[in-house]
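Values in this document were obtained by computation on a predicted structure and should not be read as measured data. Worth knowing before you read on, the calculation uses all heavy atoms, side chains too, and leaves out hydrogens, waters and symmetry mates.
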Amino acid sequence: MRIAFVSDIHSNIEAFSVALDLIKKRKVQKIMSCGDIVGYGPDPEEAISIFIENGIVSVRGNHDSGVVGDSILYEFNEYARLALIYTKRNISKASENFLKGLPTMIENDDFTIFHGFPNPKNPFRYILSEFDVMEAFSYIRTKIAFYGHTHVPCICRNSPENIIEVLPLLRQTKFKLDKDYRYLINVGSVGQPRDGNPKGAFVIYDSEEYSIEFIRFSYNIEKVYQKIIERNLPSYLGERLFTGF
């Protein structure tokens, strides 16, 4: 089976629409999401509608949680808080209920999906260091796990000898996985990349080939930026899209 993994769409339907078109052309049987459907961007209701219409299975990200629970709003910076307040005012009750119903983790026989960290008691912690990677692997029972949150594509693998290795993504985009290793794969961000590359990102996993492929794509950033300005969201949320930081 070929499965597309997306993450951190952040209400950017210009990027999301391009990603979906590319996914459909690549004979993918299923689309799954590592969360943060909303936040930052100008089109939260439309983004959620696309998820529902396409039957996309998703976990809940911290911005999704921020929209449906006032208690964690204080954890966000000023830009994110303002965008979450905007999102709350611009989604329907049905969309709010959809976000509320999302789990923080999905696990099946082949892989695990989460947004930030695989500990259900602290699901939105960041994986930033080798120590974080080691601890994350301790919570994961499957050979492969997919996540988002940092907006930076990454592959970490754990050898049978318990050695952590980060695989470079500079030129290689497709990786044949080794069944003796365990993998922690950050699929990057569709709607707000932060690795210095403004192109959106997602991953295709092929269970028969036992491989993953990182896809990068261009979209109309200017159009998103203009929407952000017109809707009185902080201009910085549009400006950063041009640089990919």
Side-chain angles (χ1 to χ4, degrees), residues 4-24 30-73 75-104 106 113 115-116 123-124 148-149 151 187-194 198 200-202 217 219-241:
F5 288 91
V6 300
S7 190
D8 297 276
I9 285 84
H10 285 302
S11 304
N12 183 342
I13 61 168
E14 276 68 37
F16 196 21
S17 297
V18 173
L20 287 179
D21 286 343
L22 290 171
I23 287 167
K24 288 171 183 176
K30 193 172 188 179
I31 307 173
M32 304 191 80
S33 166
C34 301
D36 271 359
I37 302 168
V38 299
Y40 293 130
D43 292 306
E45 180 70 13
E46 291 82 354
I48 295 169
S49 295
I50 292 171
F51 264 72
I52 295 169
E53 289 164 8
N54 288 274
I56 299 172
V57 176
S58 183
V59 294
R60 180 162 28 98
N62 57 314
H63 288 258
D64 305 323
S65 293
V67 170
V68 298
D70 292 323
S71 61
I72 68 165
L73 270 181
E75 298 175 5
F76 294 90
N77 64 46
E78 181 183 357
Y79 299 115
R81 254 195 324 272
L82 289 170
L84 287 175
I85 292 167
Y86 166 86
T87 301
K88 282 172 173 281
R89 293 171 178 167
N90 286 277
I91 62 170
S92 65
K93 188 65 178 176
S95 290
E96 183 182 337
N97 289 336
F98 174 78
L99 294 177
K100 281 181 179 177
L102 298 177
T104 56
I106 295 172
I113 311 172
H115 181 64
F124 305 134
H149 200 30
H151 300 211
V187 305
S189 170
V190 167
Q192 196 196 82
R194 294 182 189 168
F202 63 90
F217 62 92
Y219 68 96
N220 192 342
I221 296 175
E222 180 65 34
K223 186 174 180 180
V224 187
Y225 174 75
Q226 290 301 329
K227 284 184 179 180
I228 286 170
I229 299 302
E230 289 166 6
R231 296 174 195 183
N232 294 315
L233 286 161
S235 61
Y236 170 70
L237 297 179
E239 291 160 3
R240 71 184 305 173
L241 298 178

- Crowding at NZ, K100 (>12 non-hydrogen neighbours, <6.0 Å):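 Atom NZ in K100 is crowded, with more than 12 foreign heavy atoms closer than 6.0 Å.
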
- Item | Under-4.0 Å salt bridge between K227 and E230 |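 Salt bridge: no.
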
Testing the basics here: between [X] and [Y], what is the closest heavy-atom pair and its distance to 0.1 Å?
X	Y	value
S7	G188	CB-O, 3.5 Å
P42	I228	CD-CG1, 4.0 Å
P44	Y86	CD-CE2, 4.0 Å
P234	L82	CG-CD1, 3.9 Å
I113	S33	CG2-O, 3.8 Å

Give a yes or no on whether the backbone of [Y] and the side-chain of [X] come within a donor-acceptor separation of less than 3.5 Å.
X	Y	value
E14	I221	no
H10	G191	no
H151	P193	no
H63	L84	no
S189	D8	yes
R60	S65	no

- Task: Fit a plane to each ring of Y79 and Y236, take the angle between them on a 0 to 90° scale, and name the class: parallel (under 30°), tilted (30 to 60°) or perpendicular (over 60°).
- Result: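 Y79 vs Y236 ring planes: tilted.
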
- Query: In terms of ring plane angle, is the pair F217 and F202 parallel, tilted or perpendicular, where the classes change at 30° and 60°?
  - Reply: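 Judged by the thresholds at 30° and 60°, the geometry between F217 and F202 is tilted.
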
- Begin with the C-alpha distance, continue with both residues' side-chain angles, and end with the deciding distance and a verdict on side chain to side chain contact (heavy atoms under 4.5 Å, CB included) for K24 and N54. CA-CA 11 Å; K24 288 171 183 176; N54 288 274; 3.7 Å; yes

When rounded to the nearest 0.5 angstrom, what distance separates [atom1] in [X] from [atom2] in [Y]?
X	Y	atom1	atom2	answer
Q192	N12	CD	CG	9.0 Å
S58	I106	OG	CD1	7.0 Å
N220	S17	CG	OG	11.0 Å
F5	I31	CZ	CD1	11.0 Å
H149	C34	NE2	SG	12.0 Å
L237	I229	CG	CD1	9.0 Å

Consider side-chain contact (heavy atoms from CB on, under 4.5 Å). Of [options], which one does [X] pass it with?
X	options	result
V6	I37, L20, V187, I23	I23
E45	T87, I50, I13, I91	I91
F98	D64, V68, I52	I52

- If we only count heavy atoms from C-beta on, is the V190 to Y219 side-chain gap below 4.5 Å?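 Result no, sub-4.5 Å side-chain heavy-atom pair not found.
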
- Using a distance-only test with no angle check, is there a side-chain donor-acceptor pair under 3.5 angstrom linking E239 and S235?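 Side chains of E239 and S235: pair found under 3.5 Å.
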
- Message: Does F16 form a ring-ring contact (aromatic ring centres under 6.0 Å, His included) with F51? I'd like the steps, not just the answer.
- Response: CA-CA 10 Å; F16 196 21; F51 264 72; 5.3 Å; yes

- Query: side-chain hydrogen bond (donor to acceptor under 3.5 Å, both in side chains) with R231: which residues, sequence neighbours excluded?
  - Reply: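 With neighbours one apart ignored, the set is D43.
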
- Item | salt bridge (Lys or Arg N to Asp or Glu O under 4.0 Å) evaluation trace for K93 with E96 | CA-CA 5 Å; K93 188 65 178 176; E96 183 182 337; 3.8 Å; yes

